Amino acid sequence: AVAPAAAQVKKPQDVRIVFVTHGQANDNYWTVVKNGMKAASDALGVKVDYQAPASFDVVKMGQMIEAATASSPDGLVVSIPDATALEAPIKAAKAAGIPVVVIDSGEDQVKPWGLDLFVGGGSEYQNGLKSGEILGEAGVKEAVCVNHEVGNVSQDQRCQGLSDGLAKSGGKTDVIAVTLDPTDATRRIEGYMASHPNVDGMMMLGTTLAGPILQMLDERGLGGKLKIGAYDISPEVLDAISSGKMLFTIDSQQYLMGYLPVVLLAGKAMYKTLPTEAVRTGPSIITKAEAGAVKSLSEEGIR
Amino acid sequence: MTMGTAVPAEPHSPQMQPSRMRRLVSRALRRPELGALGATIFVFAAFGLTAGGSGLFSVLGITNFLQVSAQLGILAAAVALLMIGGEFDLSLGSMIGFSGIVIGLCVTEFGLPLWVGILAAFAAAVLVGTANGILVMRTNLPSFIVTLAGYFVLRGLSLAVTRTLTGRTQIPYITKGADEPFVIWLFGGKFATGLFQWLGNIGIIPLRPDGVPIVQGLPMSVAWWLAITALATWVLVRTRFGNWIFAVGGDLQAARNVGVPVARVKILLFIATACSAALFATIQVLEAGSADTLRGTQKEFEAVIAAVIGGNLLSGGYGSAIGAMFGSLVFGTVEMGIFYTGIDSDWFMVFLGLMVLIAVLFNNYVRRKATEGR
Amino acid sequence: MTMGTAVPAEPHSPQMQPSRMRRLVSRALRRPELGALGATIFVFAAFGLTAGGSGLFSVLGITNFLQVSAQLGILAAAVALLMIGGEFDLSLGSMIGFSGIVIGLCVTEFGLPLWVGILAAFAAAVLVGTANGILVMRTNLPSFIVTLAGYFVLRGLSLAVTRTLTGRTQIPYITKGADEPFVIWLFGGKFATGLFQWLGNIGIIPLRPDGVPIVQGLPMSVAWWLAITALATWVLVRTRFGNWIFAVGGDLQAARNVGVPVARVKILLFIATACSAALFATIQVLEAGSADTLRGTQKEFEAVIAAVIGGNLLSGGYGSAIGAMFGSLVFGTVEMGIFYTGIDSDWFMVFLGLMVLIAVLFNNYVRRKATEGR
Amino acid sequence: MTGDISQTAPILELDHVGKAFGIVVALQDISIAVRPGEVHCLLGDNGAGKSTLIKMLAGVHQPTSGEMRVDGVPTVFDNPRQALDKGIATVFQDLAMIPLMSITRNFFLGREPTRGRFITRRLDMKKANEIVHDELNRMGINVRDPEQAVGTLSGGERQCVAIARAVYHGARVLILDEPTSALGVHQASIVLRYIAQARSRGIGVVFITHNIHHAYPIGDVFTLLNRGRVHGTFRKAEITETEVLELMAGRRDLQHLQAELARIPAAAPPGAAAH
Amino acid sequence: MTGDISQTAPILELDHVGKAFGIVVALQDISIAVRPGEVHCLLGDNGAGKSTLIKMLAGVHQPTSGEMRVDGVPTVFDNPRQALDKGIATVFQDLAMIPLMSITRNFFLGREPTRGRFITRRLDMKKANEIVHDELNRMGINVRDPEQAVGTLSGGERQCVAIARAVYHGARVLILDEPTSALGVHQASIVLRYIAQARSRGIGVVFITHNIHHAYPIGDVFTLLNRGRVHGTFRKAEITETEVLELMAGRRDLQHLQAELARIPAAAPPGAAAH
Ligand SMILES: Nc1ncnc2c1ncn2[C@@H]1O[C@H](COP(=O)(O)OP(=O)(O)OP(=O)(O)O)[C@@H](O)[C@H]1O
Ligand SMILES: Nc1ncnc2c1ncn2[C@@H]1O[C@H](COP(=O)(O)OP(=O)(O)OP(=O)(O)O)[C@@H](O)[C@H]1O
Ligand SMILES: [Mg+2]
Ligand SMILES: [Mg+2]
């Protein structure tokens, strides 16, 4: 629906693009990627498939990339959470003549492996560093990194970045390992806070637990004491930022990571066009000033 | 030596007729929950030594691990009955997520009152439990594999339906507009608030700057936990149905042969388990105010752990609901207690594993001493 | 009617002495893997209809689902033996992560050659298996709870040790500097490469622009899968040890009473299971070139699913390794096959669950028809 | 062997009934009748199909051919509960006990006495324990504690519990599959007395045993099964103890058998011979 | 009842042995001896402790007091395998069979015949099947297929398999716990013949039964157990069949017992009376 059909190498309805990422479909972050992908596919009339292992498993992801290659799509969109493990399958896809776009993580691999394009925010570590600096500026001396996926490299890098960023202003960081269960998570944090009364800053690595954690802090009378940051956005987080309970959130505008690759790879299939430079979608820091404006978009799953 | 002498048979040799007192004691010692009680005492002693001063046993700390134990315990009580009946339910965790989503969608998408949403979740639970039970009984397949299908299907349905309707995987602000204080209190509120306020006033619980004690009461989940454990125990020990549960788990064929309606018993057990998941989900939704498609992950697993720590047999036919209660308490306390000991979070799992093992070994030791020693 | 007539007893009524042919057929129909074979055929038929033209049955697609099935199948074969022997091993998945970390640390941190790292991983597996087995036999605790400790401890150890030594949770570039082509080929390489090149040359497999066929061979994991299934089958059917496995799983006390060394059998089974995890880890590390503390998550679960789909009894005493092979094939094919049908990934789990259920129901139906019908 | 039509109507009847397990034909063309106040002995070699036959009467197996009638009405028992509801109580050869459950709970399993109503309806364990204690005492078994697990009882004790249970609950038909096999002399005689009592109360009894000294004194009708077929039904009046023994031995040469039994003490051991 | 010191030395001896399960004392102060070429009958009521006693001999239970001697050497069997290795084979009352396994595999369980060596060592199933088929045939049991699961056999057939197994593997002592309880007349007589044969081969036999007609013809020594204690050991020469029966009935009043047995046919049913 974009250009005159005559000039097309391939008709939109014949174009098929496959996403293989490490993000589970029911993760809040990746669901927005998927929404973007869906929107682009509806707009262009191309076919898209999204695939991700049910838990963090790069080997399974490699096998999925191989399966995608076998179904010979017109474009492949991947994230690269573990370069060593995914090198062979991604290179094989490339060798089979499939254009490959990298999203979210893996910018460093694009050039050396001869892949086509990167679409995404800054590296996890850079984002973490940024969050540490912001908290440091806000006067935080002792922060906690609430990690619901200990052992997952990208989450670990965020905490590492936070620790290094905060260290610049002399603060220190501890990691609290939690699960996605709201009761477990809030009780653990509560327990930690009780035995570490000096904690004055917190980073949440996702939005899933934001609501219960904020509620718990309110109940215990700790609400105003903490400077809180988060990754990603959700209506609850945005409300909290508006009302001053939270300081900021780091948004990678992952909607674009879903939308753009579809448009670009469809373009590649239909018109043989593709940008030459990486497309940066983030990080964008959302504070009180912007929070209200994006809230309704967040409710729709666009941000 | 070969040629013995015929001694007149004593009608009652004293060893064969232990006194009533000893019999009572021995009967108490035979109870399955005894070992779990031992393990509980052990765990408390261990943390008393290592984390005594860290606040684990402050009012806040106690409320804290009680809440974790209580939620797990609600599931564990039902799972214990199901295990005694000789079956598993892997779909438990997914059912939690699914129930939460049902409540959330009813309220936020269809604008129904909260209590209708909760009823809908329980109706879904009854349906799923019935399906599980009928499939298991009709096909003679192991419940492991039948409920595995539920495990995938329910989790998948939660995701697909939620994303189709809302475009997200989380449903926030479920309780926000609700004007049903009783329903919210019943599942997500606190009880004994007066007591806690008083404790705060006399200085036993620290007060917040605004004069409210930092712990305002015990979460309702604790009340539910106790109520459901009591109910399950009553059913097991005092009703025909309880008798049948032991029988179908102990020997299905023998139970059928003496006329126990085995299919009915097992189906009801699956329904009870699914309903405990719905209750768990309701409590979490009303406490947290939101639902998420990922809720309940691995709970089927934790509930079985708690039940087994509590002395329930995996192979069925033996166990108790009170044991499951102690099992949940052990698991919840260990999980939270390790936090207070200040162990680096990388080592958390190592200690969790060791503590669970030691608690169970202790449980076993106590039970063995009680039944065999002497 | 009451007063019957004494009919002379026939020495051999024909119905009681079925012909040799019928006996052979009936014996074949009694095999546990029969149903799994039925399920496999069903799954292939289903995907042949729904995803026939999508590349699932292209050479690349077949290699792909074979690889997924093969890795799972290596575990499932060992787990099947353990299940027939009446036990579980929850620590399997954690053992995979741990073995990978052992290999990775040996190579990258201690500068040892690859084969030493692999030996170290297997040594660790033998240790863990022995510990599991001894604990289960000594304490009479259910293996569920004993190996649960391993589940936590091993995963925690992988994380803590890796982070302490490297500051990360991933160990990349393990095979990069290694000059051990044979070891790398043996676990992470491909076989039948000549055949595939030839198939490419005659046009059956498409060639890449550089003249290499897009599939260069079958992954070695497939060879391991077949070899281990064959070995496990041999052990089960043709050796004393196999006989003992069935016996300890069927009735532990009876087996002990007729002189089976039950402790030795169970400990060896736990060792075999842990070693299958080490083999799995080795293959993944050498194929992927990296190790990660999270590897192997949930594999204990998938392996049990595969074994159960393959007709192994959860309660022990009955099953086969070939069944487990078919079970892995069913699970692997379903998992990858759904992808080719183009179903929205939100619905993936729903379909996975339904497919598994239908496959198992079909399995059950076939087995029942075979043993009871007629 | 004259057909006697004037007898009481049968409670249970099998009419040309057959049962196959897959390709194994366990029973074929079986016709028998169980009448009130009559002890019907099933005789036959090991593997003749006696247990399979009574499992059909008890609702455990369903016939694959033929018809079963209860009080003259064609009936199919889908499960043992339906048979129990018709007053047919069975002692199975494998006893159908749950080893981990207590004696009392096993005794009343499926027929629990309750107290109170509706929500407060509960097991009356005290009464149940008393009944069990008394019933077992009557059989010459002195259990220490009726709440003891059945799994810790001796083989004979367990069998006594199963018999006491069936006798207690059996209203119209009592089926006993080798009830005395594991019993001591004393207990066995009590069981025989029970059977006689049941008969005089007008209960129909089906009794399986391999012991001629148990079968002949008590049996009214003897049916011989052989390799899954009925090989004759005889009233006591028509048959002597020796003939019954011959039936039990599967019509094998009794002379030969007795010669064999007689030979045994002859093969005295070297040790005994030194006496 | 004179002490006879000149006999052959016992293979197995229990010397003031006791066994308690928690607070339940099952056996107390037991002293018996099993000699080669001698059939030692254990008599006693249900629950007297006979099975518990032989389980100690077989290595299943360990004594809680006293001493057990094998060939005069104090021994503790940690498990049944050690007893088997000393040539002590047992038929347990619960038979110790794995229902889901085939007859052949059960028969040779723990003592499998193998073929080939080292890596190619494997079960010799063909030979095993043949042996099983022949051994069972000798007992009068005609199995359709030795690879059939034991769970599908009748109670008596299963017992025959267990006896055949013990006889086949038993080298020095054969322990039989109520081996004939579920057997037909024919099979039981064969088992008695087996026992006689074993005795004449110099094997020591421990034989438990509640059937006087099985015990008296074959027994050389009779030991009475009562409530966990030995109440006398008698040689055959010193005791009559009636006295043995009296022992078996637990020294209850035999008169009473016989009167009772005699009463039974008297209580003829109404139906039979109408004859
Ligand atoms: N594991 C156990 N725990 C507790 N009591 C036991 C256990 N095993 C046996 N007993 C008790 O010991 C006593 C003797 O049992 P045993 O089986 O030896 O009797 P038995 O002489 O073989 O009887 P039967 O002739 O009925 O087989 C019984 O009263 C039984 O309840
Ligand atoms: N489920 C089954 N599957 C296959 N065969 C069976 C099954 N149940 C019984 N049989 C066979 O049917 C035959 C009759 O068995 P049944 O148990 O009725 O014999 P029985 O007359 O009770 O013998 P016993 O006196 O030894 O108890 C046996 O040969 C047995 O192998
Ligand atoms: Mg029978
Ligand atoms: Mg006994």
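Just so it is clear: chains get the letters A, B, ... in the order the sequence lines come, proteins before strands, and each one is counted from 1. Here the structure is a predicted model, which is why all the values come from computation and not from measurement.
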Toward chain C, the part of [X] with a non-hydrogen atom under 4.5 Å:
X	answer
A:Pro81	backbone
A:Ala67	both
A:Ala68	both
A:Glu149	neither
A:Val58	side chain
A:Thr31	neither

With chain A as the partner, which of C:Thr63, C:Thr297, C:Leu56, C:Val68 has the greatest number of non-hydrogen pairs under 4.5 Å?
C:Val68
So which of C:Gly296, C:Gly55, C:Ser290, C:Ser58 has the biggest tally of heavy-atom pairs under 4.5 Å with chain A?
C:Ser290
With a 4.5 angstrom heavy-atom cut-off, which part of [X] approaches chain A: side chain, backbone, both or neither?
X	answer
C:Glu287	neither
C:Tyr340	side chain
C:Asp292	side chain

Give a yes or no on whether a salt bridge exists between [X] and [Y], defined as a side-chain N under 4.0 angstrom from a carboxylate O.
X	Y	answer
A:Asp82	C:Arg295	yes
A:Asp156	C:Arg163	yes
A:Asp42	A:Lys38	yes

Can you name the one residue among C:Leu72, C:Leu66, C:Ile283 that meets side-chain contact (heavy atoms from CB on, under 4.5 Å) with C:Ser221?
C:Ile283
Option that, when pairs with chain C are counted at under 4.5 Å, heavy atom only, ranks first among A:Gln160, A:Arg16, A:Lys60, A:Met64
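Of the options given, most contacts go to A:Lys60.
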A:Ala92, A:Ala96, A:Ala95: which one forms the most heavy-atom pairs within less than 4.5 Å of chain C?
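Of A:Ala92, A:Ala96, A:Ala95, A:Ala95 has the most heavy-atom pairs under 4.5 Å with chain C.
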Go through the steps for C:Phe65 and C:Phe47 under the test ring pair (Phe, Tyr, Trp, His ring centres under 6.0 Å), then give the verdict.
CA-CA 12 Å; C:Phe65 71 69; C:Phe47 281 115; 8.8 Å; no
For the NZ atom on C:Lys176, are there more than 12 heavy atoms of other groups (residues, nucleotides or ligands in this structure) within a distance under 6.0 Å?
no
Pick out which of A:Asp104, A:Asp232, A:Thr207, A:Thr208 makes a side chain to side chain donor-acceptor pair (under 3.5 Å) with A:Tyr29.
A:Asp104
State yes or no: are the ring centers of C:Phe187 and C:Trp224 separated by less than 6.0 Å?
yes
Got a donor-acceptor contact below 3.5 angstrom from the A:Asp49 side chain to the C:Phe339 backbone?
no
